[in-house]
Amino acid sequence: MAKRTSSKTRTRGTIERRGNSFRVKVYAGVDPLTGKRLYLRESTTDEDEAQRILNTLRAQVDEQRHAQTRGTLRKAFTDWLRVHEIEDNTRVSYESYLRLYIGPAFGDEPIGKVTPRVLEEFYAELRRCSVRCDGQPFIEHRVEGEHECRTVRHRRPPGRPPAAGDKPHDCEKAGCEVIECKQHQCRPLSNSTISKIHFVLSGVFSAAVRWGWITSNPTDVAKKPRQTAPRPNPPTADQAARIIEAAWQDDETWGTLVWLVMVTGLRRAEVLALRWSDFDLANGYVTIRRNYVRVNGRSFEKDTKTHQIRRISLDPATVEVLTEHRQRYEEFTRQVGTEPTDAAFLFSYESTFDRPYDPDGVTHRYSRMCKCIGIDSHLHALRHYSATELLTAGIDLRTVAGRLGHGGGGATTLRVYAAWVGESDRRAAELLGSRLSRPEPQASQVAIPDATVQSVCTRWPESGQRWATSVRAELAELCSRYRARPVRIMDARYGFVVSVETKDDRLLVLKSTPDPAGGLQATAAKQLAELGIGPTVHEVVESMSGTWTVLDQVQPGTHVDATASVEELCELLRPLKDGAPSPHEFPPISAWLRERLAQTEPVDLPPEADAVSLEERAAALPLLESLVPDESRSLCHGDASCGNILRASRGFFMVDPRAVSGDVEYDAAVLSLKTGVAHEELSQGLELDIERVTAWRLVASAAQV
């Protein structure tokens, strides 16, 4: 009878005691990338826990739920790029992400050790600083190796250097270029770039899961970077007109390119790839088939970004522009002795038109042109301009997306240009609202702003409260007389100002003030209207509590700003200069200014103004006395500041006069002080005494008018 022999079963995994801890190790096969033995390892201080870990690791190996390689993330990235189907320019971008950000962070880490926490910490570091510095100051060297951190490239006169050497010179005047390694400044990476990095990493890890290198994709769990909302900044209609004019003045061909991008919304690569064979000018359309790109110094044609061909209609004006451009092309070919061909590019510096403009050159040329005319814009903004103009004009989203070449049936268009789609939606809401009529508000129910009541009662304690209790009933009576309804309450510190609309669609302003000088203010407003520089005054009503003035509402009523020309402001002040009468009952402007300058604690200052020092105000008093020796000047506005001058359809109007006599030099001084317009230019345009206007500026500044 044969003797039975026992065989030993090989132990799958070991538990090693190392001091006070236990290390569990399980053999998991051979790494397919490195060819080395692959082990799963974990440690614990509990012996019973070590046995449970051993069983868990064995199960992972049996079910192949473990990472089957210790290959690095850099290796996985390069292998993924080798098989991933993307465009060359996209590949260059992905490689730059690996070189600049991913590689330095954890490119040499085993891919299985890159966890969701590691990714989230990586994104947070990029949001703080793109080079992930430690927060300590250091010099950011421009080159590697030994070098001088600060060098000067001197600008020398042309020609051979003198035998005795170059003469000493002033580098600042000569414009010598200083090149130096500067102190590091943290520059956060934008959320959009971090989102692109996350997207690339997601592709790498997904491939690693498919290949069996890892068991799960950490980017599925990691918190994604917040996607910033697109903020397209297209030029305005006025800016677009200036851009077209500047482009045409530069060169007719360049003007044609800018025009074509503006009206079609083509991408830069698409417009450069256009050939005459893509156009059917007789029927008015162009077919977009290709892109022209430059990657790593190599230029070539490829299909469009969405890999689709689209046809865009052309308006008659654009057809005319392109027809003239074709005529210039044919004339040039006759001059150089060649024949025109439909295969020629539209925009080319070559005499054979077989190679289009350089893409980067077009971008830089456009940016330089816009900078010269004072507009902050870039070439892609013309694409935004085309889209926003179409959307705000009511063109449907699908048509706009088709012209732009956006995929997804307009999803991209909606995401990027949602603000302008919202504008169309608001216009739709206004259309529906215009079909309905709402009950008119009762004038007696209109409330006086609390801030106005407080200001009035502080200024005139005795009459202010009486005015506040009776002004609403007086407003209701006036609205009934004029058959008007209140539209809105307008800003005012020392009075109640209400915009109303009458039955015949007239817009009026009803103003009430408890100021004892309210009647004089109304008289001044009438004189401004007679001079043609103030709104028409229809009625002045003296009540028990104050003075009401009924006058036209200035439309459109925008405040004067920095865009106002000196000529416009001169036209506003010239009627005052030419001799407006001043009633004797008008108090002089000097009386009010003298009181403001002499007060220990000035009151009635504008909300945004702080009182100047007592010494400065005291120094301005003698200057004021020298300006008004006889107190007998003509009518002036008294407060020609920005908020009291409104731009209407036929020039500027003055509102809210102070009802004082003074001189036009004072108004010119205040206007220049408030708007930033040079008082010398105003004085010259009005033929005023510049020294007197300058002196009034000093007094007005000290009084904080």
Side-chain angles (χ1 to χ4, degrees), residues 438 440-460 464 467-503 505-515 517-519 521-522 524-526 528-529 533-541 543 545-561 572 604-609 637-659 674-675:
R438 60 187 178 88
E440 297 183 355
Q442 298 298 317
S444 59
Q445 298 175 350
V446 177
I448 311 173
D450 293 338
T452 300
V453 175
Q454 183 178 357
S455 298
V456 167
C457 292
T458 302
R459 182 79 177 274
W460 301 286
W467 170 85
T469 56
S470 61
V471 70
R472 288 197 302 172
E474 294 173 356
L475 171 66
E477 182 180 347
L478 277 175
C479 286
S480 175
R481 186 190 310 175
Y482 282 91
R483 301 180 66 195
R485 65 178 183 87
V487 177
R488 65 186 177 95
I489 299 174
M490 307 176 76
D491 292 335
R493 272 201 299 163
Y494 297 121
F496 190 35
V497 183
V498 183
S499 169
V500 301
E501 183 179 8
T502 66
K503 287 293 185 181
D505 296 330
R506 282 193 305 161
L507 289 175
L508 301 177
V509 171
L510 309 182
K511 297 171 51 178
S512 174
T513 177
D515 191 340
Q521 292 174 358
K526 286 182 177 180
L528 293 176
I533 55 174
T536 301
V537 177
H538 296 283
E539 185 179 10
V540 177
V541 180
S543 70
S545 61
T547 304
W548 281 93
T549 309
V550 182
L551 66 163
D552 283 341
Q553 182 173 320
V554 179
Q555 293 291 329
T558 54
H559 292 303
V560 63
D561 56 19
L572 176 70
D604 192 29
L605 290 177
E608 70 280 359
H637 183 269
D639 188 13
S641 56
C642 305
N644 289 339
I645 298 177
L646 299 179
R647 183 190 292 274
S649 57
R650 58 182 182 90
F652 286 115
F653 276 168
M654 286 182 159
V655 297
D656 293 336
R658 283 198 181 276
K674 296 289 188 176
T675 63

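Below, all heavy atoms of this structure are taken into account, side chains as well, without hydrogens, waters or symmetry copies.
- Partners of Glu501 by salt bridge (Lys or Arg N to Asp or Glu O under 4.0 Å), not counting sequence neighbours, listed by chain and number: Arg485.
- Residues Val554 and Ala648 share a closest heavy-atom pair of CG1-CB, 3.5 Å.
- When all heavy atoms are compared, the tightest approach of Ile448 to Ala468 is CD1-O, 3.6 Å.
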Leu475/Trp548 under side chain to side chain contact (heavy atoms under 4.5 Å, CB included): CA gap, chis, key distance, verdict: CA-CA 9 Å; Leu475 171 66; Trp548 281 93; 3.9 Å; yes
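- A salt bridge does not link Arg459 with Asp515: every distance from a Lys NZ or Arg NE/NH1/NH2 to an Asp or Glu carboxylate oxygen is 4.0 Å or more.
- By the side chain to side chain donor-acceptor pair (under 3.5 Å) test, Thr502 is found to be paired with Asp504, residues two or more places apart in sequence or in another chain being considered.
- Contacts of Ser455 classified as side chain to side chain donor-acceptor pair (under 3.5 Å), with partners at least two apart in sequence or in another chain: none.
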With a cut-off of 3.5 Å and sequence neighbours excluded, list every side-chain donor-acceptor pair involving residues 533-541.
residue: His538; atom: NE2; partner: Asp552; partner atom: OD1; Å: 2.6
residue: Glu539; atom: OE1; partner: Arg481; partner atom: NH1; Å: 3.1
residue: Glu539; atom: OE1; partner: Tyr482; partner atom: OH; Å: 2.6
residue: Glu539; atom: OE2; partner: Arg481; partner atom: NH1; Å: 2.5

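- Nearest heavy-atom pair across Thr547 and Gly519 is OG1-N, 3.6 Å.
- The two residues Ala492 and Val497 come nearest to each other via the heavy atoms CB-CG2, 3.7 Å.
- Summarising the geometry, atom CZ belonging to Phe652 is positioned 9.5 Å from atom CG belonging to Leu646; distances are rounded to the nearest 0.5 Å.
- Rounding to the nearest 0.5 Å places OG1 of Thr549 at 8.5 Å from NZ of Lys526.
- The minimum heavy-atom distance between Gln553 and Leu508, with the atom names listed, is OE1-O, 3.7 Å.
- Atom-to-atom distance recorded for Asp656:CG and Tyr494:OH is 13.0 Å, nearest 0.5 angstrom.
- In this view, Ser545 and Trp467, Ser470, Glu474, Ser543 satisfy the side-chain contact (heavy atoms from CB on, under 4.5 Å) rule, not counting sequence neighbours.
- By the side chain to side chain donor-acceptor pair (under 3.5 Å) test, Ser480 is found to be paired with no residue, residues two or more places apart in sequence or in another chain being considered.
- Judged by distance alone, with hydrogens and angles left aside, the side-chain atoms of His637 form no donor-acceptor pair with the main-chain N or O of Ala524 at under 3.5 Å.
- For CZ of Arg506, the number of neighbouring non-hydrogen atoms (other residues, nucleotides, ligands) closer than 6.0 Å is greater than 12.
- Summarising the geometry, atom CE belonging to Met654 is positioned 4.5 Å from atom CD1 belonging to Ile645; distances are rounded to the nearest 0.5 Å.
- Within the 4.5 Å cutoff, the side chain of Phe496 has heavy atoms near those of the Ile489 side chain.
- When all heavy atoms of Val498 and Pro486 are compared, the pair lying nearest together is CG1-CB, 4.0 Å.
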